[in-house]
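Note that the structure is predicted; figures quoted are calculated from it, not measured. Basis for what follows: all heavy atoms, side chains included, without hydrogens, waters or symmetry-related copies.
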Number of protein chains: 2
Amino acid sequence: MPELPNGKAAAATIVDVAQLAGVSIKTVSRVINNEVSVRQATRAKVLEAIERLGYKRNLFARSLRADKSFAFGLLYENPQGDYSADILHGALSACQEAGYHLVVEILSDDDISKQVERFLATTKVDGVFLTPPVCDDEEIINALERTATPFVRISPLNPAEQEAYVAINEFEAAREITNYLVSIGHKRIGHIAGAENHLSAMERSRGYRKALNDAGIIYDDSLVVSGNFDFDSGRLAAHDLFGLDSPPTAIFAANDEMAAGVLATAHEMGIQIPLECSLVGFDGGTISEVVWPKLTTINQSVRGLGVGAIRLLMDISENPEIEREPLFLPYAMKFGSSTSGPQVG
Amino acid sequence: MPELPNGKAAAATIVDVAQLAGVSIKTVSRVINNEVSVRQATRAKVLEAIERLGYKRNLFARSLRADKSFAFGLLYENPQGDYSADILHGALSACQEAGYHLVVEILSDDDISKQVERFLATTKVDGVFLTPPVCDDEEIINALERTATPFVRISPLNPAEQEAYVAINEFEAAREITNYLVSIGHKRIGHIAGAENHLSAMERSRGYRKALNDAGIIYDDSLVVSGNFDFDSGRLAAHDLFGLDSPPTAIFAANDEMAAGVLATAHEMGIQIPLECSLVGFDGGTISEVVWPKLTTINQSVRGLGVGAIRLLMDISENPEIEREPLFLPYAMKFGSSTSGPQVG
DNA sequence: TATAGTTATGACAACGTTGTCTTTTTCGAG
DNA sequence: CTCGAAAAAGACAACGTTGTCATAACTATA
């Protein structure tokens, strides 16, 4: 192996491999790319040469020639907390597994569509994965459609027909966990809703109402308080609920962080959970495990969303023509000790 | 702008710019790269042409020619929770700000050094950022040194002389928070240590001992229980501590997650925090905010570690010769309601 | 105004790969 | 054994950039 002035050994190229194997560079290229018309014997010779030289293909040259990056983009905004981290981790491992790369871009507020266009032009990613909340940004969607870039979103607010997206059936999950409260005997079930413009929030609230309806419980809007998914909104909402003349015997908070807020208020007001009031959340991340009592909640695989989205993206970018259906990922109830039957009497 | 068969407009290249500006491609190149010897008037002409055509330089061509990626690598292992997410976010935004890219690689267990070599060879990153725990993997360090790849670590166990790394002075921080407990009157202060092979754990414990020593309190090893940074280890350790004949009036848990475990045990055993026992943690992430009572803890900017590491890496890769010193980042005590003076009597 | 010394610009190759097109080889049928 | 078709292999250019070296255009000096 030749030695470079800087002391590093120069990496073997396709030319070196061709020479050693006694074939043309094009044949080596064919072997690397698993093309069909290469004789077994030739392929073997080439593979051996590759092995001997420790040849690794130069991705820049490939990308330059192909005018694509063999990578996907992940668009972010304001990443924080478990959620973003889990998605990212899922996406990363799915990419790695398939030999793709992932280019992560954090978008700032101003002139988003220009940012996206610049991102697409410079990175030449083969597809884009949009996480909430950017997955509902019209400007971004337009920019992607204008450049015919395949994309996958998580639970979009207004999915196009035949659009591919990944989601969890939050409506069903919310219905299920509310129904669980019903099934252990609760009739006055409070609800702390999530941020208003958020599809998840709407779906979870819808599931709550459906469960009540199915159980023949009349919807009482004094038991429903709006929150915005954060701890403090949960704390305040709980204050309202516990302050009612006839407070609920159970509460469904639209996510775990707000449920943690409910716990804090309960502790402050000396209300025992679950004895005096049962509590369920939604998400199933770290928070549900580190509070006391541990939360009964919906365990959704956020990591799975990341994995699913990337797999879908690979599929789409390879077979763009096929019709798509949304990919729904599994969820499951996780039982903590924040729930019990209502107090008698 | 020429139209491609697929309908996309072909991106302008340096050649188009040169033509429009009436100069050679080399001159355009010089302008793009801010080289000196270009006349003002020429530069202006070129810049205008660039603007008019919406020219963006092709990064693959550049990387191919330069045989480097203009990107940094971030090596991960088992990313989970706030910590990894915050670091990543910090690193990403620092990269973006400087026009670099970040290539994230998750390492699996087997044959790490081969994975690292493959990573370096295929991505050709200009430098590598190692997060715990991989920052203490000898194989990786060797692989990096062998290929003369600049790297920055977070709080390495055995930093080389003049090695650049980022860290928080955990010893001082731990001393400070323990001293706070002393200052509000505590004398029997328990400690739940972190994972044994972890530098952070050692430093935090050392700070604890130093504070006791400074206050003239005799170190009592029955008050020190080992944990491994996770919730359950905190729960168990608290069991031991609260079960002592003469339990501590305050506990310093080496991180917030273990402190949350202490809270759970306290709740289960009916011990009131902080009335009967004060509690402090370390980290200052989400957990410290969502438990009840909120934790008094050390607030460290994990995000800042990510930003700092990347900035350091840029500096190193641009000026490799200069001697380096570790970069210590600020921390601060954050007061929750898990602490108060000891009960009298 | 000629001349040397800068400074500014340009021509051209090279980076490593893959697409296009051409040539060679193989193999089965007659 | 020949021929033709199909399969396998090769020659060569092109992708867009930057480095090297050569040349042209400017300055300041004599």
Side-chain angles (χ1 to χ4, degrees), chain A residues 1-2 4-6 8-47 49-50 53-70 99 121-124, chain B residues 1-2 4-6 8-47 49-50 53-70 99 121-124:
Chain A
M1 237 182 250
L4 254 48
N6 62 19
K8 289 193 203 178
T13 75
I14 208 173
V15 180
D16 304 317
V17 174
Q19 209 149 31
L20 182 60
V23 299
S24 75
I25 55 169
K26 183 67 223 198
T27 298
V28 177
S29 172
R30 279 192 258 261
V31 171
I32 300 170
N33 292 291
N34 271 316
E35 287 175 31
V36 280
S37 59
V38 177
R39 215 178 311 249
Q40 260 316 314
T42 316
R43 184 181 301 273
K45 268 193 304 184
V46 171
L47 286 175
I50 287 177
L53 294 172
Y55 165 78
K56 285 170 196 93
R57 112 167 96 191
N58 184 312
L59 298 180
F60 302 129
R62 181 161 85 133
S63 289
L64 172 60
R65 192 57 171 73
D67 196 33
K68 53 183 267 196
S69 64
F70 302 93
T122 54
T123 62
K124 296 181 198 287
Chain B
M1 235 183 252
L4 255 49
N6 62 18
K8 288 193 203 177
T13 76
I14 208 174
V15 180
D16 303 319
V17 175
Q19 212 150 31
L20 182 59
V23 299
S24 75
I25 55 169
K26 183 68 224 200
T27 297
V28 178
S29 171
R30 280 191 258 261
V31 171
I32 300 170
N33 292 291
N34 270 314
E35 287 175 32
V36 279
S37 60
V38 178
R39 213 179 313 250
Q40 260 318 314
T42 317
R43 184 181 303 273
K45 267 192 303 183
V46 171
L47 287 175
I50 287 177
L53 294 171
Y55 166 78
K56 287 172 193 91
R57 111 167 96 191
N58 184 314
L59 299 180
F60 302 129
R62 181 161 85 134
S63 288
L64 172 60
R65 190 71 234 275
D67 195 34
K68 54 182 267 198
S69 64
F70 303 93
T122 54
T123 62
K124 298 183 197 288

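Looking at heavy-atom distances under 4.0 Å, B:Leu59 makes no contact with the nucleic acid at all. Among the protein residues, B:Arg30 comes within range of the nucleic acid bases, having at least one heavy atom under 4.0 Å from a base atom. Base engagement by A:Arg65 is indicated by at least one non-hydrogen atom pair under 4.0 Å involving a base atom. Using a 4.0 Å heavy-atom criterion, one finds that B:Thr42 contacts the sugar-phosphate atoms exclusively. Note on B:Thr27: only backbone sugar-phosphate atoms sit closer than 4.0 angstrom, heavy atoms only; bases stay farther off.
Between the CZ atom of A:Arg65 and the CZ atom of B:Phe60 there is a distance of 14.5 Å, given to the nearest 0.5 Å. From B:Leu47, atom CG reaches atom OG1 of B:Thr42 across 10.5 Å, with rounding to the nearest 0.5 Å.
Put simply, NZ on B:Lys26 is 19 Å from P on D:dA24, counting in whole angstrom units. At whole-Å resolution of the value, CD1 in A:Ile14 and C1' in D:dC12 are 14 Å apart. At whole-Å resolution of the value, CD in A:Gln40 and P in D:dA7 are 16 Å apart.
Every side chain to side chain donor-acceptor pair (under 3.5 Å) that A:Lys124 has, sequence neighbours left out, goes to A:Asp67. Taking the side chain to side chain contact (heavy atoms under 4.5 Å, CB included) definition, one finds that B:Gln19 meets it with nothing, sequence neighbours left out. Checked against side chain to side chain contact (heavy atoms under 4.5 Å, CB included), B:Thr123 has the following partners two or more places apart in sequence or in another chain: A:His101, B:Val103, B:Phe119, B:Val125. A search for side chain to side chain contact (heavy atoms under 4.5 Å, CB included) contacts involving B:Ala66 returns B:Lys68, B:Phe70, not counting sequence neighbours.
When all heavy atoms of B:Asp16 and B:Ala11 are compared, the closest pair comes out as OD2-O, 4.1 Å. Contact record, B:Tyr55 with B:Thr13: CE1-C, 3.5 Å, taken as the closest heavy-atom pair.
Contact annotation: side chain of A:Arg39 to base of D:dA9, donor-acceptor pair absent below 3.5 Å.
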Base-pairing string, 5' to 3', of DNA chain D - Watson-Crick or wobble, under 3.5 Å, | interstrand: ||||||||||||||||||||||||||||||

Let me have the donor-acceptor pairs involving side chains of residues 26-41 of chain B, under 3.5 Å, with sequence neighbours excluded, atom names and distances please.
from	atom 1	to	atom 2	distance (Å)
B:Thr27	OG1	B:Ser24	OG	3.3
B:Asn33	OD1	B:Arg57	NH1	2.9
B:Asn33	ND2	B:Ser29	O	2.8

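Applying the 4.0 Å criterion to OP1 and OP2 of D:dG10, one finds that A:Ser24 has a side-chain N or O inside that range.
The nearest heavy atom of DNA chain C to A:Phe60 and to B:Ser37 marks one nucleotide each, and the one closer to the 5' end goes with B:Ser37. Residues B:Val23 and A:Asn58 both approach DNA chain C. Their nearest nucleotides, taken by heavy-atom distance, put B:Val23 toward the 5′ side.
On the nucleic acid side, DNA chain C has its first and last nucleotide under 4.0 Å of a heavy atom of chain B at C:dA8 to C:dG16, going 5' to 3'.
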